[in-house]
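Take a look at the structure below.
The first residue in the sequence is number 1, and the count goes up from there.
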Amino acid sequence: MLLSELNPRTEMSHFSDLQGSEDSGPVYVREKGRLSVAGSHCPRVKTPPVRLFSKGFSVELCVRQGDACKPKEKPFVFTYTEQGSLRYSAKSLFTLALDLIADNIQHVDSLLGFPEQVAERLFTAAESRQQFCHPHSGLAALRKFTEAYGDLMLSSLCLRSKYLLVSEKMEEIKSFQGLHVLDLSCCKLGDEHELIAHLSSEAMDSLRELYLKDNCLSDIGVRKMTAPVRVLHRGLGKLSLLDVSCNPGITEKGLSFLLGFKELRFLDISDTGVQDSVFTCKKIQTRTGLVQSKKPLPQFDESSCRTEGWAEQLFRQWDDLVMSAIKPKKTLPSRTAAQHFYGKDKGTPEAETPMLYETPAAPTKHLQFYRPEGAPNPPPAVPQPGHYPGKRLKEDKHVSDRGSSQPAKKPRVALTADDWDLLNSY
């Protein structure tokens, strides 16, 4: 309301009220459509808004290379409808949580008691991110899965002719527990390789089939591998199939160590250092009940073993990395051109002869054994009185004549110094 439009009587009262209410605050009056403070006659000045930055100002975020981090994945899943149009849907909370754990799998303490269905998806997510290929945290992350899930990670492992992969991923291979089938054929390991010693550890107690074809083994390696079974009754005692063919260093002495595997159903000793095959076949049949096969057994085919388990794709990933690392970068000039340049003969015996592993001069014939259907496993060998030598019979008779008060001494197993050294190493 305008002061000019007020009644004269009320005008004086309003001014008095204004003078008496100065302490209460300003009084606003609307005059000609404009709002102003009563008693103020200064014109209203419009001030432009204050700008913090000019119009041409821009900001660029610079990140150092050391601070670079992995970009986060968008929480959407893009699909196509039946009409061909693009459609996106939000990821579930379970998927987002699974991706977060897979990105930080090296910080997980343990997976014991974790559901197997969820653990398999977690392993696949971590594998797709190549978390197990890191040189520092890959092995620790892999052991969390192998310790918790055993044979679900790998029940069968085929490393035939993959000696480079065995050498590069030795600790990763030893971390797998609960294997039932292991194929190490044509890896040229030798008697002193740490993987041969690992075969007699507790982690390999579940092994059922073992292929050691063409591994440069001798009687020493066989004795080390079978010592826990023969002496401590643990290790590879559940083995049902064994292939030690194409190892010329294994003789009749080494084969006598293999007779301690009482659960064997298939045995292959072809192309070994066995000289008298007829006597060896009779000895094996008498001690273990295995019969020589007249034709090759399908259990020893190269295609009978393959990698199976959650980590099947992981070993393919490792194999591709190893093979890509050994590919030559540039094509070297031919050796013939270099010899021609230096004036040497083109064909020299040293240049033409490749390096080959030693093979037996006279390989033995086909020696594969199997247990017939329905034939029971041989009982543990118990010495009978009739099988003692004459000297032992005389000693037993002399002991029995002394009286029943002093019991007869049991025959003691003679261990060599090498056996004691091997047992002390466990």
Side-chain angles (χ1 to χ4, degrees), residues 143 146-147 150-151 154-155 157 170-171 173-184 189-212 215-244 247 249-269 272 283-284 286-290 369 371 376-384 387-388 392 407-426:
R143 283 176 176 171
T146 57
E147 292 173 358
D151 59 347
L154 272 185
S155 60
L157 178 58
M170 173 60 60
E171 296 299 326
I173 294 173
K174 291 169 60 177
S175 66
F176 286 93
Q177 304 176 7
L179 281 174
H180 300 306
V181 182
L182 179 60
D183 190 353
L184 296 172
L189 299 180
D191 297 331
E192 303 299 330
H193 199 276
E194 58 180 312
L195 196 55
I196 297 297
H198 178 69
L199 293 176
S200 57
S201 63
E202 295 182 0
M204 307 300 290
D205 289 348
S206 59
L207 205 60
R208 300 293 188 275
E209 300 179 9
L210 179 60
Y211 300 86
L212 295 174
N215 268 288
C216 305
L217 295 178
S218 65
D219 297 339
I220 299 176
V222 175
R223 179 180 60 82
K224 291 181 178 180
M225 185 178 63
T226 59
V229 179
R230 295 183 288 108
V231 181
L232 303 177
H233 301 286
R234 65 177 180 85
L236 300 176
K238 300 179 181 178
L239 208 61
S240 62
L241 184 147
L242 179 61
D243 183 5
V244 292
N247 288 289
I250 300 178
T251 62
E252 286 84 351
K253 181 179 178 181
L255 292 179
S256 61
F257 297 137
L258 298 178
L259 302 180
F261 296 125
K262 301 302 181 181
E263 301 292 332
L264 270 183
R265 304 190 65 85
F266 300 96
L267 176 64
D268 189 358
I269 57 173
T272 55
K283 182 178 180 180
I284 292 176
T286 303
R287 296 282 298 275
T288 63
L290 299 178
F369 300 86
R371 188 181 304 279
N377 294 334
V382 178
Q384 301 293 335
H387 294 281
Y388 285 118
R392 174 63 66 181
K409 296 183 179 180
K410 297 182 180 180
R412 301 172 61 184
V413 180
L415 298 178
T416 62
D418 294 336
D419 289 336
W420 283 112
D421 294 339
L422 182 61
L423 292 176
N424 292 330
S425 63
Y426 289 101

Is there side-chain contact between [X] and [Y], with heavy atoms separated by less than 4.5 Å?
| X | Y | value |
| --- | --- | --- |
| His180 | Asp151 | yes |
| Ile269 | Ile250 | no |
| Arg143 | Glu171 | yes |
| Leu182 | Leu199 | yes |
| Leu154 | Leu179 | yes |
| Asn215 | Asn247 | yes |
| Val222 | Val244 | no |
| Lys238 | Asp205 | no |

If you look at every heavy atom in [X] and [Y], which pair is closest and at what distance?
| X | Y | value |
| --- | --- | --- |
| Leu258 | Leu242 | CD2-CD2, 3.6 Å |
| Met225 | Ser200 | O-CB, 4.0 Å |
| Gly237 | Glu263 | O-CG, 3.3 Å |
| Thr226 | Phe257 | OG1-CB, 3.5 Å |

Check this for me: does any side-chain nitrogen of one of Lys174 and Glu194 sit under 4.0 Å from a carboxylate oxygen of the other?
yes
What do the steps show when you test His198 against Met170 for side chain to side chain contact (heavy atoms under 4.5 Å, CB included), and what is the final call?
CA-CA 11 Å; His198 178 69; Met170 173 60 60; over 6 Å; no
Rounded distance [0.5 Å steps], [atom1] in [X] versus [atom2] in [Y]:
| X | Y | atom1 | atom2 | answer |
| --- | --- | --- | --- | --- |
| Arg265 | Thr288 | CZ | OG1 | 11.5 Å |
| Lys262 | Ser240 | NZ | OG | 15.5 Å |
| Asp243 | Leu212 | CG | CG | 7.5 Å |
| Leu239 | Phe261 | CG | CZ | 5.5 Å |
| Thr251 | Asp219 | OG1 | CG | 3.5 Å |

Side-chain donor or acceptor of [X] paired with backbone N/O of [Y] under 3.5 Å:
| X | Y | answer |
| --- | --- | --- |
| Arg230 | Leu259 | no |
| Arg371 | Leu264 | yes |
| Arg208 | Ser206 | yes |

For Val181, enumerate each residue passing the side chain to side chain contact (heavy atoms under 4.5 Å, CB included) test, keeping only those at least two apart in sequence or located in another chain.
Ser156, Glu209, Tyr211, Cys305
Flag yes if more than 12 heavy atoms outside Leu195 fall under 6.0 Å of its CG atom; otherwise flag no.
yes
Evaluate the criterion side chain to side chain contact (heavy atoms under 4.5 Å, CB included) for residue pair Asp191 and Leu217; output intermediate values, then yes/no.
CA-CA 5 Å; Asp191 297 331; Leu217 295 178; 3.6 Å; yes
